[in-house]
Trainee: 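There's a structure below that I have some questions on.
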Amino acid sequence: MKYHYYLFFTLFVASNAFAVEPSEFLNNSTLENRARNLSANIRCLVCQNENIDSSDSEFAKDIRLFIRDQLVGGFSDEEIEEFLVSKYGTYILFKPEFSRYNIFLYLFGPFIFIFGIIMISFLFLKSKKGN
Amino acid sequence: MVIELGHFFLIAAFCLNLGLIANCVVHRPSLVGFTNFFDRLESLLFILLAISFLFLIVSFITSDFSVKLIANNSHSLKPLLYKVAGAWGNHEGSMLLWVLIMSLYLFLFQLSSNNYSKKLVNNVVLVQLSIIALFLCYLLVLSNPFERLDFPPLDGQDLNPILQDVLLVAHPPVLYLGYLGLSIPFSLALGYLLTNDDKINIVRLLRFWSLVPFVFLTLGILLGSIWAYYELGWGGWWFWDPVENVSLLPWLLNLSLIHSVLILERRSSLLNWSILLSIMGFSFSMIGTFIVRSGLITSVHAFANDPSRGLFILLIIFLAISSSLLIFVTKRSNSKNLMKLNIASKELWILFQNLTLLVIASIVFLGTIWPFIVEVVFSEQVSVGEPFYEVSLTPFIIIFAFMLPIASKVGWGGKKFSDSTKILSLFFICLALSTSGFTWGFLGLLTFIGLFLSLWVCLGSTIELYSSFQPYSSIFKRNRGSLTINFRLMGRTCAHFGFGLLIFGVTAVTSWETEDIRHVKVGDSFFVKSYQIVFKGIDYSVEKNFKRVSGSFEVMRNNKSIGILFPEKRLYPSRNEVTTEASIKPTVFNDFYMVLGNKLDENAWVVRTYIKPFISFIWLGVIMISLGAGLSLLSFTTNRNRSRA
């Protein structure tokens, strides 16, 4: 797959960067907390399946620093996510946006649940009639 | 030479397998009691495959790098244990193990099948043999572990260093014992559909063979989870990674099967449903393997994948699943055996339980394949990760846990809640206890719900066990004058209690975890909560196949030492890979978890410290769930006489 070459890339870069570090932290603890919460939802694009906080790649480090810059600049969480999506695509968010085809993903479970409840109540009523 | 012998035994096993299939097909059911020569040969199939696998292991131990598999996955300096484990730490070897375990289950099934209808057993064996044949064929043609190299290298490429770990030696075999144990309910279901014979015993067989894989599947997932916890370096124990998800799917279906079989046993209804669950359970085992092996879906630990063979595996799975569903659709029983469903009947609550498990499984499944669907249909890329699963699964897990003690308490065919006061008072006690927890600091509604549910489930099952000490349904039952232990009750309450502990552990870790990331100089000390941590020094050393930097940190409280941690970083020169090895000091209620990060200057390092409260409850809970299934299995030793009579 096409990510294999990314993996290759990270193997050699890995030793230069590391997961989220104290030197990156903001002094303002509210902003820092927001940064950490945002990071949990942002995928490191050059890794296999990690968020940017736990990733050791340079890419993740850049995004971590970018998020903090934006937060200090006064942008909201949504604005920062929107910016990242416009630049890197929806692939960067671990939680797909609740829009367009993703609605199906979100509603599939509840749909099955409701369908099942209807089926069970149907059985229930039928057994009552049988009595 | 050894490797050629291994290859020879594999081919011999395939030939024998074909012969056995032919024998099953021509086996005349009218010849009941006629002991055919071939009846004994299923054990030989297992032995042939075991010898073949043994030869592969021997070649790994002797580091025969003229074998392609060994050259790619082993190294002469690797410790002996990991040389052995190398045999299944890769695609071809693990597929051989897959077939081996499948034949082991066939052998075990044969051993225990003397009391059942010959016609049924014959068909079950036939189904099982056919699947083994498909995978053996795949192994021999496309993924031969015994392939030689024309120009053997001087040394091997080594096993991925993060796989060189004691737990990961055990993880694949145990997990496979679970995955492939599900092949027996699958074969039973199809064998039964094909013959419609021995309806009384099929229930008993399904119950037994759905519990066996559950024990191993649960343990296998646990081993992987504990490994991820200490090896991947940030203390997570579940990442909602595709590979983890696909192991969860058969587990969830297996769990529903175990419970739906209970209805089948009592009310002889839901036969079709149980059969469908049996078919789906193993189907998802195979789909899981396909997803892991094919590289179709990217994953953080796709260690043994190879996209080129994906198509063939897909074909096998498609063939197996579509034909079994076809058999199901055409042969399923049409008997309308209506259940009596009442609000307070166990039947209804188990149905609800099955439904919630199915909903959870379908969310996990869709979430896992969603990136693939979107890429194919909309040519776009999306990620589905932890935050998605948290949002969409939590409500259903809450519903599931809330129903558990009620479902466990109500009686079969009950019309009214006979114990409604008991249930209500338990509800309010749990509510009061978890509300009182507010006094020592909560983080939110979910913490509260989690705490309530864990109390609700744990106390519920404790009370259930306790109240059964009454004379009528005692834990010790009188059976023909001799005392026997009610293993089913013990197993059930043990597993349910374990689930409660699991909820508590998860709630505690997600709510009350402490994280501390900082620069520390050698000799300095710092505080995390009320614990003082002293950075005592840095040590460099060279091991057989890696180089190591390790820090030593002493954790103290009130000037009393709790323990010393040695987090380390390793460089594996054979692959030029750096790994971090977290160091963990478990105490009764907390785990101290430390990771050594980058070196900043001469003696300052980045150090990450986590205090993880009650994480051991997660492991303990899962062990109890597995143990519960094991205890229920023991019931088969005590009530054999009764059911035969």
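Owing to the predicted nature of the structure, the values given are computational and were not obtained by experimental measurement. Per chain, numbering begins at 1; letters A, B, ... match sequence-line order.
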Trainee: Any salt bridge linking A:Arg36 with B:Glu515? Criterion: basic side-chain nitrogen under 4.0 Å from a carboxylate oxygen.
Mentor: yes

Trainee: Is it true that atom NZ of B:Lys599 has more than 12 heavy atoms of other residues, nucleotides or ligands lying nearer than 6.0 Å?
Mentor: yes

Trainee: Top residue by heavy-atom pair count (under 4.5 Å) with chain A, among B:Ile517, B:Val374, B:Thr356?
Mentor: B:Ile517

Trainee: Answer yes or no: is there a side-chain heavy-atom contact under 4.5 Å between A:Lys95 and B:Val391?
Mentor: yes

Trainee: Non-hydrogen atoms of chain A under 4.5 Å away: do they reach the side chain of B:Ile399, the backbone, both or neither?
Mentor: side chain

Trainee: Could you state the interatomic distance from CD (B:Gln381) to CD1 (A:Ile92), rounded to the nearest 0.5 Å?
Mentor: 12.0 Å

Trainee: For the OH atom of A:Tyr91 and the OG atom of B:Ser383, what is their distance to the nearest 0.5 Å?
Mentor: 5.0 Å

Trainee: For the CG atom of A:Asn41 and the CD atom of B:Glu386, what is their distance to the nearest 0.5 Å?
Mentor: 10.5 Å

Trainee: Side chain, backbone, both or neither: which part of B:Phe352 has a non-hydrogen atom closer than 4.5 Å to chain A?
Mentor: both

Trainee: Say you draw a straight line from CG of A:Leu93 to CZ of B:Phe388; how long is it, rounded to the nearest 0.5 Å?
Mentor: 13.5 Å

Trainee: Hey, which residues of residues 100-113 of chain A are touching chain B, say heavy atoms under 4.5 Å apart?
Mentor: A:Arg100, A:Tyr101, A:Asn102, A:Phe104, A:Leu105, A:Tyr106, A:Phe108, A:Gly109, A:Pro110, A:Ile112, A:Phe113

Trainee: Which of the residues B:Val377, B:Leu393, B:Leu366 is involved in the greatest number of heavy-atom pairs with chain A at under 4.5 angstrom?
Mentor: B:Leu366

Trainee: Would you mind checking which part of B:Leu351 comes under 4.5 Å of any heavy atom in chain A, side chain (CB onward), backbone (N, CA, C, O), both or neither?
Mentor: both

